[in-house]
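Beneath this line is the structure, given in structure tokens, with notes to follow.
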Amino acid sequence: MPKKKGVPLIFERSVPGRRGYRLPKLDVPEVPVDELIPAEHLREKPAELPEVSEVEVMRHYTQLSRLNHGVDVGFYPLGSCTMKYNPRVNEDVAALPGLSTIHPYQPESSVQGALELMYNLGQHLAEISGLAAATLQPAAGAHGELTGLLVIKAYHKQRGEEHRTEIIIPDSAHGTNPASVAMVGYDVVEVPSDERGGVDVEALKRAVGPKTAGLMLTNPNTLGLFDENICDITAMVRQAGGLLYYDGANANAILGIVRPGDMGFDIVHYNLHKTFSTPHGGGGPGSGPIVVTEELAPFLPGPVVAKEGDRFFFTQPEKSIGRVQAFYGNFSVLVKAYAYILSHGSAGLREVSEVAVLNANYMMRRLQDVYYLPYDRACKHEFVLSGKWQKQYGVRTLDIAKRLLDYGVHAPTVYFPLNVEEALMIEPTETEPKSAIDEFIEAMRQIAQEAKEDPEQLKKAPQLTPVGRLDEAKAARRPVLRWQKTE
Ligand SMILES: *Cc1c(COP(=O)(O)O)cnc(C)c1O
């Protein structure tokens, strides 16, 4: 077990006269600042900047970084988030000057390589999804959802079917789905899950009707289960005149194995910052491209990259819903995802999914005798356990999650999906070696033992982290997000 981290951090390190820079001798005539800048733009008092040496700055930030958990530090099985390792080759490619120092206002002829990269990435995502055309603009998964729903709205409007105002969503959906639906002004119609964890097809039959604008679905769903009735489900909605939206944020289980287009979907969003290994959380901006059918391509946000002969250029789709993001999306993220796709190739991407699914099933089977497994069937890239057996000892899922921090791993997603009591949603990803997976299994088994023998220990966890158990209500309502100088 790791030792308690956390040298108490001292934020106030400024000492008058200390400095971390040295400027060369001035080799131009010195001009007083008030001759250069009008007086009304000058501050009255000098700024209070910290006076610190270089090594102090370095130590301060390095220590801060060590108080945090990240995938470069340890296991991070946060379900529905795909916290896979971010290969460094992606970073090397994104840092190439020809890609990192260009500007969106440069003439197209001088950035043909960047345009080609965006064009090819769109093509790859189309191939992976079994659909036709992509926009790379959305900056996150939820942003992709919003974009896709705006496309659905524009499509129905053009057909004079504005009476379609309902989007059907299963109860296991990611929280962003209903939020995005509400943002475009549609109504959410929720359908329950059946006893196998899939969409309750009878309930769906009752929900589908003339007001149906579409269905949003994640498959495999947030329980990590593949819906066996998927083709019936999509056919039912299509027959009623609705469109089908696939939430592909976590496509980690299906790359090169099955395509949303073949399941009957019209629109997919991918989270490049999950499935395609670009950093997320505090590590970098996100990217949530959407891919659509040929029929919906004219509605995509513009501009999109097109190709004629050897030349790449921007063009506006004919019935475009307009921009959803400044310029062309988070370009450096696109570069990293492109590097990931090319470095794996199609066989490699398929292997990503095979190993992700294998790891999840191995872990699930090795834990199901100590934690309740609500849906006992083969899972895909993640699985959901329940802490309800531990409840008899007064131990809640939150306590299990907090205790895991003492074992040096990030906790899984907890209390989600909502349709499982005391849920623990675990996603190991394919990038973990077996040793890390076995260590996690061992930690979870020990915690199950502790729950029986020493539940108080779990209530007090975590004890080995820089800070102990936080008051979560206060942390949410009165967060302290920056250091402030106390006089
Ligand atoms: C992560 C996730 C989203 C949202 O993605 P963001 O980039 O966080 O907006 C949507 N759906 C599912 C299933 C997800 O896992």
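By convention here, the first residue in the shown sequence is residue 1. Computed from a prediction, not measured in an experiment: that's the story for all the values here.
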Heavy-atom side-chain proximity of [X] to [Y] below 4.5 angstrom:
| X | Y | result |
| --- | --- | --- |
| Met236 | Leu215 | no |
| Arg259 | Ser129 | no |
| Val208 | Ile168 | yes |
| Leu404 | Met444 | yes |
| Pro260 | Tyr270 | yes |
| Leu458 | Tyr393 | no |
| Arg164 | Glu161 | yes |
| Leu334 | Leu272 | yes |

### Task
Run the numbers on Arg365 and Asp376 for salt bridge (charged side-chain N to carboxylate O under 4.0 Å, His left out), then give the verdict.
CA-CA 9 Å; Arg365 293 306 179 199; Asp376 188 0; 2.7 Å; yes

Grab the two heavy atoms, one from [X] and one from [Y], that are nearest each other, plus how far apart they are.
| X | Y | result |
| --- | --- | --- |
| Leu255 | Leu349 | CB-O, 3.6 Å |
| Met425 | Pro412 | O-CB, 3.3 Å |
| Tyr76 | Met83 | O-CB, 3.4 Å |
| Leu204 | Val199 | CB-CG1, 4.2 Å |
| Tyr186 | Leu149 | CE1-O, 4.3 Å |
| Ile257 | Ser353 | CD1-CB, 3.8 Å |

If you count heavy atoms of other groups shown closer than 6.0 angstrom to [atom1] of [X], is the number above 12?
| X | atom1 | answer |
| --- | --- | --- |
| Lys459 | NZ | yes |
| Glu351 | CD | no |
| Gln392 | CD | yes |
| Glu91 | CD | yes |

#### Entry: side-chain contact (heavy atoms from CB on, under 4.5 Å) between Lys205 and Asp200, worked out
CA-CA 9 Å; Lys205 249 182 219 156; Asp200 181 333; over 6 Å; no

Between [X] (side chain) and [Y] (backbone), is there a donor-acceptor pair under 3.5 Å?
| X | Y | result |
| --- | --- | --- |
| Asn361 | Ala378 | no |
| Thr147 | Pro138 | no |
| Asn221 | Gly197 | yes |
| His280 | His273 | yes |
| Ser172 | Pro417 | no |

Distance-only polar pair, side chains of [X] and [Y], donor-acceptor under 3.5 Å:
| X | Y | result |
| --- | --- | --- |
| Asn250 | Asn271 | no |
| Glu127 | Gln123 | no |
| Glu382 | Ser80 | no |
| Thr429 | Asn359 | no |
| Ser193 | Asn419 | yes |
| Thr212 | Glu166 | no |
| Glu430 | Asn252 | yes |

### Message
Check for me whether Lys388 meets the cation-pi criterion with Tyr372, that is, NZ or CZ under 6.0 Å from the six-membered ring centre and within 45 degrees of the ring axis.
### Response
yes

### Over-ring placement of Lys336 relative to Phe276, 6.0 Å and 45° cut-offs
no

### Message
Is there a side chain to side chain donor-acceptor pair (under 3.5 Å) between Asn120 and Tyr338? Walk through the geometry before answering.
### Response
CA-CA 8 Å; Asn120 288 350; Tyr338 187 61; 3.1 Å; yes

Reported [atom1]-to-[atom2] distance for the pair [X] and [Y], which is rounded to 0.5 angstrom:
| X | Y | atom1 | atom2 | result |
| --- | --- | --- | --- | --- |
| Leu146 | Ile290 | CG | CD1 | 9.5 Å |
| Arg238 | Cys231 | CZ | SG | 11.0 Å |
| Tyr375 | Arg196 | OH | CZ | 11.0 Å |

Salt bridge or not between [X] and [Y]? Use side-chain N to carboxylate O under 4.0 Å.
| X | Y | value |
| --- | --- | --- |
| Arg396 | Asp399 | no |
| Arg445 | Glu439 | no |
| Asp72 | Arg88 | yes |

### Task
Walk me through it: do Glu202 and Arg206 pass the test salt bridge (charged side-chain N to carboxylate O under 4.0 Å, His left out)?
CA-CA 7 Å; Glu202 287 308 313; Arg206 291 191 293 275; 5.0 Å; no

### Task
Fit a plane to each ring of His269 and Tyr245, take the angle between them on a 0 to 90° scale, and name the class: parallel (under 30°), tilted (30 to 60°) or perpendicular (over 60°).
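Because their plane-to-plane angle lies in the 30° to 60° range, the rings of His269 and Tyr245 count as tilted.
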
### Whether His174 and Phe416 hold their rings parallel, tilted or perpendicular, with breakpoints at 30° and 60°
perpendicular

### Query
Does any pair with a residue in residues 422-441 pass ring pair (Phe, Tyr, Trp, His ring centres under 6.0 Å), and if so which ones, sequence neighbours excluded?
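Sorted result for residues 422-441: Phe75-Phe440.
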
### Task
Would you check, one step at a time, whether the test side chain to side chain donor-acceptor pair (under 3.5 Å) holds for Thr82 with Glu427?
CA-CA 7 Å; Thr82 315; Glu427 180 177 6; 2.7 Å; yes

### Query
Going through the checks in order, is the side-chain contact (heavy atoms from CB on, under 4.5 Å) test met by Val292 and Leu300?
CA-CA 8 Å; Val292 301; Leu300 285 177; 3.9 Å; yes

#### Entry: Lys84 and Val71: CA distance, side-chain angles, deciding distance, side-chain contact (heavy atoms from CB on, under 4.5 Å) verdict
CA-CA 7 Å; Lys84 64 170 77 177; Val71 78; over 6 Å; no

#### Entry: Trace of the side-chain contact (heavy atoms from CB on, under 4.5 Å) decision for Leu405 with Leu464
CA-CA 8 Å; Leu405 308 183; Leu464 302 176; over 6 Å; no

